[in-house]
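Remember, predicted model here, so these are calculated numbers, not experimental data. Positions are given from 1, in the same order as the sequence printed here.
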Amino acid sequence: ETVVPRRCNHLAFAIYRAFVASFERVLLNGGVRRVFEAGEDGDSFVFYEDLETLQDFFVAADETGVAHGLPRQEVCELSEHLRQIILLYDQKPDDLLRLYLERHRDNHPAQFPFTRRNLQCALYHIHDAGVRKFLKSG
């Protein structure tokens, strides 16, 4: 391996990390106009597809599965944090609200991604009448 491919891989990993961080920012801190459907039939399916597409782009595997870009295992490891954030949107809105209230009431140390902050951010972006009512009352 020469210096140029190592530098290219280093740069490609940096770009991939930036994409993953941006994706996470949109999901948790995307602003008031970012509203997502939660639950089994919600937007998480699309988020997972987008993540898979992004991973496939950076791995650049051929028809036989041989990676010509970044190593698949390393790309998947970099993606795991984001995959866990997407897991928040797999939950039913009522379940997210219940988890948030439990964390808030008990000051309970939660396991990632179900931290109080992440739950609050996800609730803020979920399109659900009960959640909206709760947020407005708070």
Side-chain angles (χ1 to χ4, degrees):
E1 187 174 29
T2 65
V3 173
V4 174
R6 276 186 283 166
R7 283 189 182 157
C8 288
N9 278 354
H10 183 72
L11 179 60
F13 270 119
I15 293 169
Y16 186 70
R17 272 192 292 278
F19 271 112
V20 168
S22 298
F23 199 160
E24 180 180 334
R25 183 176 169 112
V26 166
L27 292 177
L28 294 178
N29 305 307
V32 296
R33 295 184 186 192
R34 301 257 189 222
V35 179
F36 307 120
E37 296 292 332
E40 294 175 1
D41 299 326
D43 292 326
S44 63
F45 176 76
V46 175
F47 300 152
Y48 286 124
E49 279 188 341
D50 289 348
L51 179 57
E52 292 297 324
T53 301
L54 190 61
Q55 289 174 327
D56 289 346
F57 177 79
F58 279 89
V59 170
D62 61 19
E63 304 82 35
T64 63
V66 175
H68 295 281
L70 300 174
R72 182 171 297 281
Q73 181 177 349
E74 292 178 41
V75 168
C76 290
E77 287 171 8
L78 279 172
S79 305
E80 187 55 31
H81 187 84
L82 178 58
R83 189 172 296 286
Q84 293 295 313
I85 295 290
I86 296 171
L87 180 64
L88 290 169
Y89 293 96
D90 273 344
Q91 312 305 308
K92 295 177 185 171
D94 292 342
D95 292 339
L96 281 177
L97 189 54
R98 180 185 49 76
L99 284 168
Y100 174 76
L101 290 171
E102 287 172 5
R103 302 298 187 262
H104 188 70
R105 181 186 63 235
D106 301 337
N107 207 10
H108 184 280
Q111 191 161 356
F112 186 83
F114 297 101
T115 64
R116 200 167 93 193
R117 181 188 176 283
N118 287 349
L119 289 164
Q120 183 178 16
C121 289
L123 286 169
Y124 182 75
H125 294 292
I126 289 177
H127 182 259
D128 180 80
V131 169
R132 290 276 157 228
K133 184 178 179 181
F134 169 78
L135 292 174
K136 287 181 182 179
S137 71

>> Please find the pair of heavy atoms, one from Leu88 and one from Pro113, that lie closest to each other, and give the distance.
In response: CD2-O, 3.7 Å
> Can you tell me how far CG of Asp43 sits from NE2 of His125, rounded to the nearest 0.5 angstrom?
Replying inline: 12.5 Å
>> Is it the case that atom CZ in Arg25 sees more than 12 heavy atoms from other parts of the structure closer than 6.0 Å?
In response: no
> Can you check whether Ile15 reaches Phe58 side chain to side chain, under 4.5 Å on heavy atoms?
Replying inline: yes
> Can you tell me if Arg83 uses its side chain to pair, donor with acceptor, with the backbone of Glu77 under 3.5 Å?
Replying inline: no
>> The test is side chain to side chain contact (heavy atoms under 4.5 Å, CB included); show your working for Gln55 and Tyr16 and say whether it passes.
In response: CA-CA 8 Å; Gln55 289 174 327; Tyr16 186 70; 3.2 Å; yes
> Looking at Ala60 and Gly69, what are the two nearest heavy atoms and their distance?
Replying inline: CB-N, 3.9 Å
>> Working to the nearest 0.5 angstrom, can you tell me the gap between Ile86 CD1 and Leu51 CG?
In response: 5.0 Å
> Counting only heavy atoms not in His10, do more than 12 fall under 6.0 Å of its NE2?
Replying inline: no
>> Is there a side-chain contact between His81 and Val20 in this structure, where contact means two heavy atoms from C-beta onward sitting under 4.5 Å apart?
In response: no
> Can you hop from Val131 to Leu101 via hydrophobic side chains spaced under 4.5 Å?
Replying inline: yes
>> Quick check on the hydrophobic clustering: are Phe57 and Val66 connected, directly or via other members, by side-chain heavy-atom contacts under 4.5 Å?
In response: no
> When rounded to the nearest 0.5 angstrom, what distance separates CZ in Arg132 from OH in Tyr124?
Replying inline: 7.5 Å
> Given side chains that start at C-beta, do those of His127 and Phe36 come closer than 4.5 Å, heavy atoms only?
Replying inline: no
> Of the non-hydrogen atoms in Ala122 and Leu96, which two are nearest, and what is the gap between them?
Replying inline: CB-CD1, 4.4 Å
>> Could you check whether any side-chain heavy atom of Phe19 comes within less than 4.5 Å of a side-chain heavy atom of Ser79, counting everything from C-beta outward?
In response: no
> Roughly how far, to the nearest 0.5 Å, is CZ of Phe114 from CG of Asp95?
Replying inline: 9.5 Å
> About how many Å separate CZ of Arg34 and SG of Cys121, when rounded to the nearest 0.5 Å?
Replying inline: 14.0 Å
> Distance from Asp94 atom CG to Ile126 atom CD1, nearest 0.5 Å?
Replying inline: 10.0 Å
> Can we say Asp56 and Arg72 salt-bridge, meaning some charged N sits less than 4.0 Å from an Asp/Glu carboxylate O?
Replying inline: yes
> Would you say the side-chain atoms of Tyr89 pair up with the backbone N or O of Phe47, donor to acceptor, closer than 3.5 Å?
Replying inline: no
> Is there a side-chain contact between Asp128 and Leu97 (heavy atoms, below 4.5 Å)?
Replying inline: no
> Less than 4.5 Å apart, any side-chain heavy atom of Arg17 and any of Leu78?
Replying inline: yes
> Looking only at heavy atoms, what is the nearest atom pair of Ser44 and Gly39, with distance?
Replying inline: OG-O, 4.1 Å
>> In the structure I gave you, are the side-chain heavy atoms of Tyr48 and Leu87 within less than 4.5 Å of one another anywhere?
In response: yes
> More than 12 foreign heavy atoms under 6.0 Å from CG of Asp62: is that the case here?
Replying inline: yes
> Where the side chain of Arg116 meets the backbone of Leu99, is there a donor-acceptor pair that is under 3.5 Å apart?
Replying inline: no
> Are Leu27 and Leu135 connected in a single hydrophobic cluster, I mean Ile/Leu/Val/Met/Phe/Trp/Tyr linked by side-chain heavy atoms less than 4.5 Å apart?
Replying inline: yes
> Around Glu49, counting heavy atoms of other residues, nucleotides and ligands shown, do more than 12 lie under 6.0 Å from its CD?
Replying inline: yes
